[in-house]
2 protein chains.
Amino acid sequence: MASDQTRSAILAAAERLYADRGFGDVTLRDIVAEANVNLAAVNYHFGSKDELIAELFVTRSIQTNRERLNELKAAEENGGGRASIEDIMRALVGPTLRGCLGPDREGSTAARFMIRASIESVPPIRRIKNREVDHLRKFAAAMRRAMPASNDTELYWGLHFALAMAHHTIREKERLLRLSEGKCDLDDVRAIIDRVVTVSVMALTMGDVPSKPALRPVVVHGRLTRQDL
Amino acid sequence: MASDQTRSAILAAAERLYADRGFGDVTLRDIVAEANVNLAAVNYHFGSKDELIAELFVTRSIQTNRERLNELKAAEENGGGRASIEDIMRALVGPTLRGCLGPDREGSTAARFMIRASIESVPPIRRIKNREVDHLRKFAAAMRRAMPASNDTELYWGLHFALAMAHHTIREKERLLRLSEGKCDLDDVRAIIDRVVTVSVMALTMGDVPSKPALRPVVVHGRLTRQDL
DNA sequence: TTGCATTTCAAACATTTGTATGAAACTATC
DNA sequence: GATAGTTTCATACAAATGTTTGAAATGCAA
């Protein structure tokens, strides 16, 4: 068998299994069984289990980052070199949300894998995620161009909150669905992106935050029971 | 030795080690060494490793939920039976943010443990988190009372985004610090709570989201390299 | 003290898991 | 078709890890 076939089979099987059952529950033996290859093939082609996971995650991350930057570039060219803050935020959260939500997501192993990576966060993935700051700086720069009057602190908080809403929606979509008893439509990706973008832009343009005294809670000491949960 | 002492020593040691090194890196042998008890004590007192983790997480969750509800109750009594939406959001995100951020957090093992639980999400914790919806419903009810004109969908999205900003700030505080090169002050917990509350209230009171056509990205097919990440 | 229940302890168990090995099969080049 | 390089395969290895066991120690009530 051509060497690339085995490699690809392993990658595909691993992504599918990790997406379905999580990193903790899937062993190399599960993967090679699914891929119909020999156990030793993983170490032969990838060096180690962690490098296999890293390769999966890097590939998908690159794709998402590419989409983001393409969308940003398109928005900048559309605006004659300067994109609107709204379009920048849309370029930031759109690709991820489109990839991980939506009615056709069942067919997308890649999307489910990225959701899983977002939830479980194993060491090889954590290491890669740390490099993501460099990518985000490009968005910070674009935002600075779009809002030259705003100070950097506000800008970073806005960027941070935009990612917060996008990622949390992906991570906790099941809970939101259950909490809202289906009232929040998680299949209408366009509306979700609009919502996240709108709130993000509002957060960015809200001016100074008034610092009002925080309410201190009354701490009640007492025996804790499971009911309290 | 009194049986409770061994129990407590195990709980304390486990919480500390999990907080410092994560669930994946800490074995029962590490825990019993730290607690100066016998290996079999864990299974004797807790039944299994997973039940030990569950007990740790349940205890801390109960505490947070108590603080939240106390703060909500105080706000409602302050407002003559009906709390303002702002105070409700503050009661929702305040306890968690105060617990997990701030300059004195180094001393708080409990806080670091909860951060870790938020990042890693092991099976026994995931199972417990699913019950959290019941707790959140109480906040949804309070919000409904505070904003009777608002529809449920908007309400749930606002609640969801508030938690998104709070949890994401806790989870990704290191990255935000690095991205902003220290400009975002993650020790000023009061300001962070104000910021999250302000944005949440804005999100809740913003009316209908205009659904404008989303910008479709130009998908570029090409060879991916690590540089693209 | 005696007797019974609880708790501790050292040791062993039983798996699971990622990795390594060396021979065999295969592929491509000359 | 011989040879060298690559890939596959069955098998073994070594280490880690949660759990169990049965005896010893301890605590406690009568």
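So that the names make sense, note that chain A is the first sequence line, chain B the second, and so on, each numbered from 1.
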K.L.:
Output yes when a side-chain donor or acceptor of Thr59(A) lies under 3.5 Å from a complementary backbone atom of Glu55(A), and no otherwise.
P.N.:
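Present.
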K.L.:
Among the nucleotides dT17(C), dT20(D), dT8(C), which one has an atom lying closest to any side-chain atom of Thr27(A)?
P.N.:
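It is dT17(C).
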K.L.:
Start at the 5' end of DNA chain C and walk down; is the nucleotide closest to Ala40(A) or to Val26(A) reached first?
P.N.:
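Residue closer to the 5' terminus by nearest nucleotide: Val26(A).
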K.L.:
Which whole-number value in Å describes the distance from Asn36(A) CG to dT8(D) C1'?
P.N.:
14 Å
K.L.:
Given atom CG of Asn38(B) and atom C1' of dA25(D), what is their separation to the nearest angstrom?
P.N.:
12 Å
K.L.:
Compare side-chain N and O positions of Asn43(A) against OP1 and OP2 of dG18(C) and report whether any pair is under 4.0 Å apart.
P.N.:
no
K.L.:
Assess the pair Phe23(A) and Phe113(A): is the distance between their ring centroids shorter than 6.0 Å?
P.N.:
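Yes, the ring of Phe23(A) comes within the 6.0 Å limit of the ring of Phe113(A), centre to centre.
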K.L.:
What is the distance, to the nearest angstrom, from the CZ atom on Phe23(A) to the P atom on dT17(C)?
P.N.:
16 Å
K.L.:
Rounding to a whole Å, what distance do you find between Leu52(A):CG and dT19(C):P?
P.N.:
10 Å
K.L.:
For the residue pair Trp157(B) and Phe161(B), categorise the inter-ring angle as parallel (less than 30°), tilted (30 to 60°) or perpendicular (more than 60°).
P.N.:
tilted
K.L.:
Could you give the CD-to-P distance, from Gln5(A) to dC26(C), as a whole number of Å?
P.N.:
15 Å
K.L.:
Above 12 or not: heavy atoms from other molecules or residues under 6.0 Å from NZ of Lys73(A)?
P.N.:
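It does not: Lys73(A) NZ has 12 such atoms or fewer within range.
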K.L.:
Counting side-chain heavy atoms from CB outward, which of dT17(D), dT19(C), dC9(C) is closest to Arg29(B)?
P.N.:
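Nucleotide nearest to Arg29(B)'s side chain: dT17(D).
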K.L.:
With respect to the phosphate group of dG18(D), does any side-chain polar atom (N or O) of Ser48(B) fall under 4.0 Å of OP1 or OP2?
P.N.:
no
K.L.:
Look only at the side chain of Arg68(A) and the backbone of Ala91(A), and say whether a donor-acceptor pair between them is shorter than 3.5 Å.
P.N.:
no
K.L.:
Measure from the side chain of Lys49(A), starting at C-beta and using heavy atoms only, and say which of dG18(D), dG18(C), dC9(C) lies closest.
P.N.:
dG18(C)
K.L.:
Go through dT19(D), dT21(C), dG18(C) for me and flag the one nearest to the Leu39(B) side chain.
P.N.:
dT19(D)
K.L.:
So, OP1 or OP2 of dT8(D): does either fall under 4.0 Å of a side-chain N or O from His45(A)?
P.N.:
yes
K.L.:
Are Thr6(A) and dT7(D) close enough that a side-chain N or O sits under 4.0 Å from OP1 or OP2?
P.N.:
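For dT7(D), OP1/OP2 do not have a side-chain N/O of Thr6(A) under 4.0 Å.
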K.L.:
Figure out the CG/C1' separation between Leu28(A) and dT11(D), and round it to whole Å.
P.N.:
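Between C1' of dT11(D) and CG of Leu28(A): 16 Å.
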K.L.:
For Asp30(A) and for Gly47(A), locate the closest nucleotide of DNA chain C by heavy-atom distance; then report the residue assigned to the nucleotide nearer the 5' terminus.
P.N.:
Asp30(A)
K.L.:
What is the distance, rounded to the nearest whole Å, between atom OH of Tyr44(A) and atom C1' of dA25(C)?
P.N.:
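For the pair Tyr44(A) OH and dA25(C) C1', the rounded distance is 13 Å.
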K.L.:
If I take atom CG in residue Asp50(A) and atom P in nucleotide dT19(C), what distance separates them, rounded to the nearest angstrom?
P.N.:
7 Å
